[in-house]
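Comments concern the structure below.
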Number of protein chains: 4
Amino acid sequence: MADQLQIGRYTLNSRLFIGSGKLPHTLMPEVIAAAGAQVVTVALRRVDFTHPEDNILDYLPKDIILMPNTSGARNAEEAVRLARLARAAGCGDWIKIEVIPDQKYLLPDNYETLKATEILAKEGFTVLPYMSPDLMMAKAMEAAGAAAVMPLGAPIGTNRGLKTRELIGIMIEECQVPVIVDAGIGRPSHAAEALEMGAAAVLLNTAIATARDPVAMAAAFRQAVEAGRTAYLAGLGPESSLARASSPLTGFLD
Amino acid sequence: MADQLQIGRYTLNSRLFIGSGKLPHTLMPEVIAAAGAQVVTVALRRVDFTHPEDNILDYLPKDIILMPNTSGARNAEEAVRLARLARAAGCGDWIKIEVIPDQKYLLPDNYETLKATEILAKEGFTVLPYMSPDLMMAKAMEAAGAAAVMPLGAPIGTNRGLKTRELIGIMIEECQVPVIVDAGIGRPSHAAEALEMGAAAVLLNTAIATARDPVAMAAAFRQAVEAGRTAYLAGLGPESSLARASSPLTGFLD
Amino acid sequence: MADQLQIGRYTLNSRLFIGSGKLPHTLMPEVIAAAGAQVVTVALRRVDFTHPEDNILDYLPKDIILMPNTSGARNAEEAVRLARLARAAGCGDWIKIEVIPDQKYLLPDNYETLKATEILAKEGFTVLPYMSPDLMMAKAMEAAGAAAVMPLGAPIGTNRGLKTRELIGIMIEECQVPVIVDAGIGRPSHAAEALEMGAAAVLLNTAIATARDPVAMAAAFRQAVEAGRTAYLAGLGPESSLARASSPLTGFLD
Amino acid sequence: MADQLQIGRYTLNSRLFIGSGKLPHTLMPEVIAAAGAQVVTVALRRVDFTHPEDNILDYLPKDIILMPNTSGARNAEEAVRLARLARAAGCGDWIKIEVIPDQKYLLPDNYETLKATEILAKEGFTVLPYMSPDLMMAKAMEAAGAAAVMPLGAPIGTNRGLKTRELIGIMIEECQVPVIVDAGIGRPSHAAEALEMGAAAVLLNTAIATARDPVAMAAAFRQAVEAGRTAYLAGLGPESSLARASSPLTGFLD
């Protein structure tokens, strides 16, 4: 009955995933609460398992789903290694694959990402690959066992919105697994647009971290995501190029 | 303390105004409730004061602000006549001025609208002129006593969004009175964008009426408007063209 | 037979008008030649009739049409005065009306511009009003005797392109007089787009003046304007949202 | 001295490549002449080597560079087979790789395309892969020996323009080999925009074939491509958001 999102074996009520990379740890609980987020991604290389003090994991609510990411990995092998370390350290079986050799635009390497996806899906991970939007590559990720695909709307951290909407729209139409827009979303209107198009969810980090008031911004995104999803389910009216009168032009004045 | 919208002598909590022109009367109470709307516009020429049955006014909650509009007027004189009739009939002192001689794109006549604004403001109306976006004309409306200005985002009924955002953005920056985007908004993301830019409110009609489920769509717009407003107040982060890493590229893998 | 542009009593072969406000005088002859321009606009208040040395007029080819503009005028009266002075000084009967009270975005005052248009058209001027794009105001300019209307694509000097294309497109469709896009065009692709849409011409200044090589840029715009016009006449194919194969998918491999 | 385009061992003066897939053969000579094209792509599976009558090759000027394409190939192996057949049949050593398993949006398979690129580059072909825009994959194509990369602006045949400009802009900035925009370009302004951004060339088919007058449209594109390239070399002025006066606001009226 409820409108829920299925990712692998997991059923979610929230369609707003949150990153932890740019916010002070102490702010995370409030941001997560305001966003209503159930899934939080954490860069594994930022977790210092040997020095438990100031560990980001200590600041996350116990009931969220931790989605470690392989940020810092430059190829499939490094991503696979990080994923296995995460699971061994008790971080659960979700893994967001980030393979980013490009240090200027931080664009992912789809092919290495695909290889890591294939390996980790076979090992039972719930794999969410971050990718450059590309239909055929998304279908390959799907075939390799990805639980969802995560195309970028614009380069990481740019707050530029759905610059790749043409390609993402096609992915949404043609993919079987959920499409989660993962980078570039900088405003609630961007998030609403993604959900209106049929995206299953969005993942945010910079937009919240660079706001003057991150907690309020998290709340704004929560509403925008819900608005976009509701609109998608409610069936948006068509666009037209000619005007149509709101009120029939008859009566009263005649 | 609360974030309220001042229009003339009135203080509002809702920034989502609703039109009644394309929906079955019987659906209006539910739509208004779902939208959380406090202001509803009604075309005067559609109100048949002599046949009270099936009168749209009967379907509006008692606590909303009725904003009659002069739809059907082709010049200032007709608009003024309609406004006075409305007040005499007990419709209150709000008036949305629509002067639309163009029957193809339904575009307003700013000059006739300005003339009607001047006359009606002097007569004590709370005047909200619907206009083609234009800074100098908006400032003239302001000087003539408009309580707010209502530029179009795209032609009426097109659901095309903020096609005139360049001009509306300048109006928001330079006008003293609230700027309320009044036509063209077709999706919650459009409404959120308007509020994020600093628009004071939006007015919707077609977007809700052409949705498969108008009541759910009204709820979606309510959330989007709140999201956009919250984001505006929370201070949006800047856009950048180069990527910025979400996580500092150090540690763990080294 | 030839595709010519009729402005009042004048027949032109070039659809690229040039401004002179930001370039060194000595560069004007080369820029005009590279642009193939027949119409050049000059700010009257920059012409010092009492000190003929370094007078911009001395740098203009004899066979161009001089279009003085009323830049600096803040209302209709000032614009009318400038226009009369120009004609009296032998500058011919073309006048581009600029009435710009706004000193931040340099946006025109459509209403004062309309008043000046009406007066000057009756006095036999060939009147080209610079305006904020607005269909009903353009039709009023037409009725007042404007020989063409000149809507802005974006604020003067911004190089931002056709940000107002929605409103300009409607003006092109509905106006009887030529529509000439006058501000904001920053790239040859912007100029080509305007002509493809059916604009009669474009007027440029900043785009050429801010180029590293203004003469080469003038030549680029000349080609772009011709390309856009040719495409308009050749009938552009429709856009589609689904792909259509370039080559029928049969044969050879089967 | 001249501004030429180097593709592998070849030096070109024209930056407008033409497809032959949708036009009547008899129109090709005129279209190629009007476009000033030096490179023409032909779908190999449409060339019936056994029935020389009505062979597209007979309609191409002798001095153009024939660029056979592997349209119809669904994987690397099929593309490689087609390329070898083409060379064996005397079609020269250029090959445009198209591997398109998706029959709805006709989107290329970047991974299979990369595999074919690697094989054929080693065999001495001048390889131009058609691809979904993606920086890391473009760099992989480069490393595999591609002479240029050909990202799509929008799905084939849609005439929608540079919908992927965000990704193409990054490819232009970061790739060593020329970037040639290959699908989606529907208007001369789209082509000019690609060249202004720094694309090395564009390839057209549908835009010309769906024009009312294909020969005139080919001429329009030729001018637009030259305009865009000239502008790129002449150094475009910056965009600004605030207006800058074209004429200093002093003198005359004061």
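Within every chain, numbering begins at 1; the chains are lettered A, B, ... in the order of the sequence lines, protein sequences first and strands thereafter. Computed from heavy atoms alone, side chains included, the values below leave out hydrogens, waters and symmetry copies.
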Open item on the list: Using only non-hydrogen atoms and a strict under-4.5 angstrom cutoff, which residues of residues 179-187 of chain A touch chain B?
Closed with: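 Hits under 4.5 Å: A:Gly186, A:Arg187.
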Counting a contact as any heavy-atom pair under 4.5 Å apart, which residues of residues 224-231 of chain A contact chain B?
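Expected list: A:Ala224, A:Glu226, A:Ala227, A:Thr230, A:Ala231.
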If we define contacts as heavy-atom pairs under 4.5 Å, which of B:Ala191, B:Ala219, B:Pro188, B:Ala154 has the most with chain A?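 Max contact count across the listed options: B:Pro188.
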- Most heavy-atom pairs under 4.5 angstrom with chain A, which of B:Ala234, B:Ala209, B:Ala216, B:Pro214?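 Most heavy-atom pairs under 4.5 Å with chain A: B:Ala234.
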**Asked** Is the number of heavy atoms from other residues, nucleotides or ligands under 6.0 Å of B:Gln4 CD greater than 12?
**Response**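 Counting neighbours around CD of B:Gln4, more than 12 heavy atoms of other residues, nucleotides or ligands fall under 6.0 Å, so yes.
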Are B:Leu236 and A:Met217 close enough that some pair of their side-chain heavy atoms sits under 4.5 Å apart?
->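 The answer is yes, as the side chains (C-beta and beyond) meet within the 4.5 Å cut-off.
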Given that the side chain runs from C-beta out, which part of B:Leu195 has a heavy atom under 4.5 Å from chain A: side chain, backbone, both or neither?
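Contact with chain A: none, neither part.
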Considering all heavy atoms of both residues, which atom of [X] and which atom of [Y] are nearest to each other, and what is their separation?
X	Y	answer
A:Pro238	B:Thr210	CD-CB, 4.3 Å
B:Ser189	A:Glu193	CB-N, 3.6 Å
A:Arg160	B:Glu239	CG-OE1, 3.8 Å

Q: Heavy-atom distances under 4.5 Å only: say whether A:Leu233 touches chain B with side chain, backbone, both or neither.
A: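 Answer is backbone: N, CA, C or O of A:Leu233 sit under 4.5 Å from chain B.
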